Novice: 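One structure, pasted below without further comment.
Both counts, for ligands and for their atoms, begin at 1 and track the order of listing. What you see is a predicted model; the values in this text were computed from it and never measured. Count residues from 1 along the sequence.
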Amino acid sequence: MAPPLPKAYEDDNIFAKILRGEIPCDKVYENDHALAFKDINPQAPTHVLVIPKGKYISFEDFSRNASDAEIAGFVRAAGEVARGAEGAVERGFRILANHGPEAHQEVHHFHLHIFAGRDTGPMISR
Ligand code: 5GP
């Protein structure tokens, strides 16, 4: 299982460092409220992470505390990424967010995974 979520946002998480430009990423898309980049350990031909630019630990934090503009910008960014993956709209893609230890959330900055380019299999392991 992944570690428990922190009580407060931690500025030293890896995605905070990417947002600050301290470590590189392979950028796919960016708008005022979100950044999308390729996962360093891709699980599908397309595996892109979409993160809000604001400091949100998890889906629960983001959905509770982000502004409407941040939420809209973030969802629009995810849509741009999905549309930008060749054939994904026609053939299919998966969007996934892990929240907390039982969902194996490893990075404590809210993110969506977008997978495309292959059959992504059953929805959840048994
Ligand atoms: P989680 O388990 O938190 O939902 O997913 C975290 C994801 O972040 C993993 O798929 C992992 O491969 C990815 N990741 C971890 N460190 C880095 C990094 O430094 N750069 C990029 N691009 N992805 C990372």
Side-chain angles (χ1 to χ4, degrees):
M1 234 191 297
L5 294 176
K7 293 270 181 270
Y9 184 86
E10 295 173 339
D11 282 313
D12 63 349
N13 77 75
I14 200 87
F15 294 168
K17 291 178 182 173
I18 286 175
L19 281 169
R20 291 195 298 268
E22 293 168 11
I23 62 169
C25 73
D26 194 346
K27 184 165 85 172
V28 172
Y29 179 80
E30 182 174 15
N31 65 21
D32 286 348
H33 297 295
L35 175 68
F37 52 90
K38 293 183 182 175
D39 195 291
I40 204 167
N41 182 25
Q43 307 294 313
T46 293
H47 182 175
V48 175
L49 301 169
V50 187
I51 69 172
K53 289 187 174 177
K55 297 180 178 185
Y56 300 102
I57 297 168
S58 64
F59 175 77
E60 194 283 323
D61 184 19
F62 184 70
S63 62
R64 182 192 295 269
N65 296 313
S67 68
D68 289 356
E70 287 177 299
I71 292 170
F74 181 78
V75 173
R76 298 277 189 209
E80 290 292 335
V81 171
R83 282 186 290 276
E86 194 184 332
V89 171
E90 295 75 25
R91 293 207 307 273
F93 60 90
R94 177 164 295 161
I95 293 180
L96 179 152
N98 294 317
H99 176 99
E102 288 194 352
H104 297 238
Q105 182 181 353
E106 299 285 349
V107 179
H108 296 158
H109 180 111
F110 172 51
H111 51 282
L112 291 182
H113 297 256
I114 299 183
F115 304 99
R118 71 168 172 87
D119 185 325
T120 49
M123 191 162 60
I124 190 168
S125 63
R126 292 185 180 275

Novice: Do Asp61 and Lys55 sit within salt-bridge range, that is, some charged N less than 4.0 Å from a carboxylate O?
Specialist: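 No, Asp61 and Lys55 are not salt-bridged.
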Novice: Counting only heavy atoms from other residues, nucleotides and ligands, does the tally under 6.0 Å from NZ of Lys53 exceed 12?
Specialist: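 Enclosed: over 12 neighbouring heavy atoms sit under 6.0 Å from NZ of Lys53.
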Novice: Return the protein residues near ligand 1 (heavy atom under 4.0 Å from any of its atoms), ordered by chain and residue number.
Specialist: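 Within the 4.0 Å shell of ligand 1, which is judged on heavy atoms, sit Ile14, Phe15, Ile18, Phe37, Lys38, Asp39, Ile40, Asn41, Leu49, Asn98, His104, Gln105, Glu106, Val107, His111, His113.
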Novice: Taking C-beta and beyond as the side chain, do His109 and Ile14 meet within less than 4.5 Å on heavy atoms?
Specialist: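 They are not in contact (no side-chain heavy atoms under 4.5 Å apart), so the answer is no.
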Novice: Got His113 and Leu49 here, is their nearest side-chain heavy-atom distance under 4.5 Å?
Specialist: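 Yes - at least one pair of side-chain heavy atoms lies under 4.5 Å apart.
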Novice: Kindly indicate, with the supporting measurements, whether the criterion side chain to side chain contact (heavy atoms under 4.5 Å, CB included) is fulfilled by Leu112 and Phe74.
Specialist: CA-CA 10 Å; Leu112 291 182; Phe74 181 78; 3.6 Å; yes
Novice: Is it the case that more than 12 heavy atoms not belonging to Arg94 sit under 6.0 Å from its CZ atom?
Specialist: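 Enclosed: over 12 neighbouring heavy atoms sit under 6.0 Å from CZ of Arg94.
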